[in-house]
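Everything on this sheet refers to the single structure shown next.
Source: prediction; values computed, not measured.
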Amino acid sequence: KILSQPRDLKKINVLKKMDNWKEKIITSIDGLERAQPPVGAFEKIQQKIQVQKAAKKKLNTIEWIAAAASIALILTGNILFISSYQNDPVTPSQTESYIQFSTDYNIYSDEN
C-alpha cells in the first residue's frame, strides 16, 4: 500500500511523539525508591480498629437494652389495657346509646 503523504506522515509523527512521551515518563521514575510507611503505623491502625470495635460493642449493648425495655413497656401496657377492659363490662346505657346513634343516622338500615 502506498502511503498518502500528508495524512500518514502526520499519524507517524503523532505516534513518535507519543512513544517519546511514554519513554520520558518511564525514565523519569528511574532511581526512585519504594515508599515506606512510617514506623509504628500498622500498630496505630490496629489500636484504632480495637477502639472502634469496643465502642461498637458498647453501643450494641445499649441498643439491646433499650429495645428490650421498649418491648417490655409495650407488653405491660397491653396487658394492663386488656385486664382493665375485661374487668369493665359494657353497661346497658352504653348499648342503648349505640342503638340510638345507629337509628338516628340510619346506620345499618336497608336503603334500596
Side-chain angles (χ1 to χ4, degrees):
K1 178 178 177 183
I2 300 175
L3 299 176
S4 60
Q5 295 290 327
R7 284 188 182 171
D8 290 335
L9 287 177
K10 285 182 183 180
K11 286 181 184 178
I12 291 171
N13 286 337
V14 169
L15 290 175
K16 283 182 182 179
K17 286 181 183 180
M18 287 179 67
D19 286 338
N20 289 339
W21 178 73
K22 290 177 192 176
E23 287 298 320
K24 284 181 185 179
I25 299 258
I26 291 172
T27 56
S28 71
I29 61 170
D30 288 343
L32 293 180
E33 295 180 18
R34 187 178 178 100
Q36 297 295 326
V39 176
F42 184 69
E43 289 79 17
K44 288 180 184 178
I45 293 171
Q46 283 183 327
Q47 287 175 352
K48 286 183 180 180
I49 290 172
Q50 293 301 323
V51 168
Q52 288 176 351
K53 282 183 180 180
K56 188 174 182 181
K57 284 182 183 178
K58 186 182 289 184
L59 183 62
N60 285 341
T61 304
I62 292 170
E63 288 174 349
W64 278 108
I65 290 171
S70 299
I71 291 171
L73 186 63
I74 291 170
L75 288 175
T76 303
N78 285 337
I79 290 170
L80 291 174
F81 176 75
I82 290 171
S83 65
S84 69
Y85 184 75
Q86 288 177 349
N87 293 335
D88 186 25
V90 177
T91 61
S93 64
Q94 290 175 334
T95 308
E96 291 170 6
S97 65
Y98 176 74
I99 293 171
Q100 182 66 36
F101 174 79
S102 63
T103 56
D104 285 348
Y105 293 101
N106 292 325
I107 297 176
Y108 306 116
S109 66
D110 293 320
E111 295 177 16
N112 292 330

Would you mind writing out the side-chain donor-acceptor pairs for residues 35-53 within the sub-3.5 Å range, not counting sequence neighbours?
none

Can I get a per-line list of side-chain donor-acceptor pairs under 3.5 Å for residues 65-79, giving both atom names and the distance, sequence neighbours left out?
| from | atom 1 | to | atom 2 | distance (Å) |
| --- | --- | --- | --- | --- |
| Ser70 | OG | Ala66 | O | 2.9 |
| Thr76 | OG1 | Ala72 | O | 2.7 |
| Asn78 | ND2 | Ile74 | O | 3.4 |

Residues clustering with Trp21 (ILVMFWY side chains joined when closer than 4.5 Å, directly or via others):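 Taking Ile, Leu, Val, Met, Phe, Trp and Tyr as members, Trp21 shares its hydrophobic cluster with Ile25.
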
Criterion side chain to side chain contact (heavy atoms under 4.5 Å, CB included) on Glu23 and Asp19, from CA distance to verdict: CA-CA 6 Å; Glu23 287 298 320; Asp19 286 338; 5.5 Å; no

Taking every non-hydrogen atom, the tightest pair across Ile26 and Ile29: O-CG1, 3.1 Å

